[in-house]
2 protein chains.
Amino acid sequence: MNIGAVSEKSGLPAKTIRYYEDIGLIRPDRRENGYRDYSMEDVHRLRFLQRSRSLGFSVEECRQLLSLYGDRGRESMEVKAIASGKLQEIERKITELQGLRDTLKHLVANCHGDSRPECPIIDGLSGETSVH
Amino acid sequence: MNIGAVSEKSGLPAKTIRYYEDIGLIRPDRRENGYRDYSMEDVHRLRFLQRSRSLGFSVEECRQLLSLYGDRGRESMEVKAIASGKLQEIERKITELQGLRDTLKHLVANCHGDSRPECPIIDGLSGETSVH
DNA sequence: TTCGCGCTTCCAGTAACTGGAAGGTCAAGC
DNA sequence: GCTTGACCTTCCAGTTACTGGAAGCGCGAA
């Protein structure tokens, strides 16, 4: 599969896909003409990268998460530790996004679309959900 | 309030706070000695920036979201449109994070922490939740 | 008054792309 | 067979969003 098709399937620009190869996140085959040749596994990894990057994980964190995906022979103890750590972070992100969503929902519901200026939910945006 | 205290309260490094001032996201007062003097409103904005940046929104997107927070006199129609657009994106991110969480939970539950190599959830990580 | 910590600006470096030039590949149409 | 245009290649430069470090001022405590 050529890079264009993979770009479409993964939602990542071709430039980014080549960059991910440069930094060792994928290793596509090459054809005789020099073109990269991607497998479905590559597509899966790239889809995964697209998602987790857009959710605020760094490339190095994605590399860790990908190692859970790829290295089946790895020590399960280590896999479990990494996964558990990431799980907590993900739960936190979900909670924060839900807080943000509720605040915005409130905003949309209360600012009726006319020109009334008052929007009494303002403090919500500053994030009391994570103040505990 | 000095930048050190604000850094602690917002979870952002002082360097980043100064950078956000450079690009016009906040405008703290100055004291006679040249020190920046932050208000609680500044702290709220910075907390908000910290959260939304870590959730994968770009600085420009954060600027838009902040404009919802700050510009009470703005046309409510426009506010409503921006907020509605962001809401959809947030809902999507929540769904994706939940998918990622469920997959990792499965991984943690099934890889018992010993050295059994098989982890049969592997395909989950590539993200069929967003394949629809 | 001097030690140390916190503040200032400025400039350079890093992470993660992103755009563009210069050129090779390939299927389609004349 | 040749050309056109879309797609591929590498390489190098630019952008975004910080991040680190140097050089220097402010200020409360010993």
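Residue numbers start from 1 in every chain, and the chains themselves are labelled A, B, ... in the order their sequence lines are given, proteins ahead of strands. No experiment lies behind these values; they were computed from the predicted model shown.
In this structure, A/Thr16 reaches the C/dT18 phosphate: one of its side-chain N or O atoms is under 4.0 Å from OP1 or OP2. Not one side-chain nitrogen or oxygen of A/Arg31 sits closer than 4.0 Å to the OP1 or OP2 atom of C/dT25. Using a 4.0 Å cut-off, no side-chain N or O of A/Tyr19 falls inside it from OP1 or OP2 of C/dA15.
One interatomic measurement links the two molecules: CG of B/Leu25 to C1' of D/dT16, which rounds to 13 Å at whole-angstrom precision. A/Ile17 places its CD1 atom 12 Å from the P atom of C/dT18, with the value rounded to the nearest Å. Regarding B/Arg63, its CZ atom lies at a distance of 12 Å from the C1' atom of D/dA17, rounded to whole Å. Rounded to whole Å, the distance from CG on B/Asp22 to P on D/dT19 is 14 Å. Summarising the geometry, the separation between CG on A/Leu12 and P on C/dC17 is reported as 8 Å, rounded to the nearest angstrom. A/Phe57 places its CZ atom 18 Å from the C1' atom of C/dA15, with the value rounded to the nearest Å. One interatomic measurement links the two molecules: CD1 of A/Ile23 to P of C/dA16, which rounds to 7 Å at whole-angstrom precision. A/Glu21 places its CD atom 14 Å from the P atom of D/dC8, with the value rounded to the nearest Å.
Between the A/Asn2 side chain and the A/Gly4 main chain, no donor and acceptor come within less than 3.5 Å of each other.
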B/Ser7 and B/Ile17: CA distance, side-chain angles, deciding distance, side-chain contact (heavy atoms from CB on, under 4.5 Å) verdict: CA-CA 7 Å; B/Ser7 169; B/Ile17 296 173; 4.0 Å; yes

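Taking a cutoff of 4.0 Å between a charged side-chain nitrogen and a carboxylate oxygen, B/Arg30 and B/Glu21 qualify as a salt bridge.
Cluster annotation: A/Tyr35 is not connected to A/Ile26 through the hydrophobic network of ILVMFWY side chains, with a link wherever side-chain heavy atoms come within less than 4.5 Å.
Applying the side-chain hydrogen bond (donor to acceptor under 3.5 Å, both in side chains) test to A/Ser54 and every residue at least two apart in sequence or in another chain returns nothing. Residues satisfying the side-chain hydrogen bond (donor to acceptor under 3.5 Å, both in side chains) criterion with B/Glu32, sequence neighbours excluded, are absent altogether.
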Letter per nucleotide, 5' to 3', of nucleotides 4-12 of chain C [B base touched, S only sugar-phosphate touched, - untouched; heavy atoms, 4.0 Å]: --BSBBB--

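At least one side-chain heavy atom of A/Met1 sits less than 4.5 Å from a side-chain heavy atom of A/Lys9.
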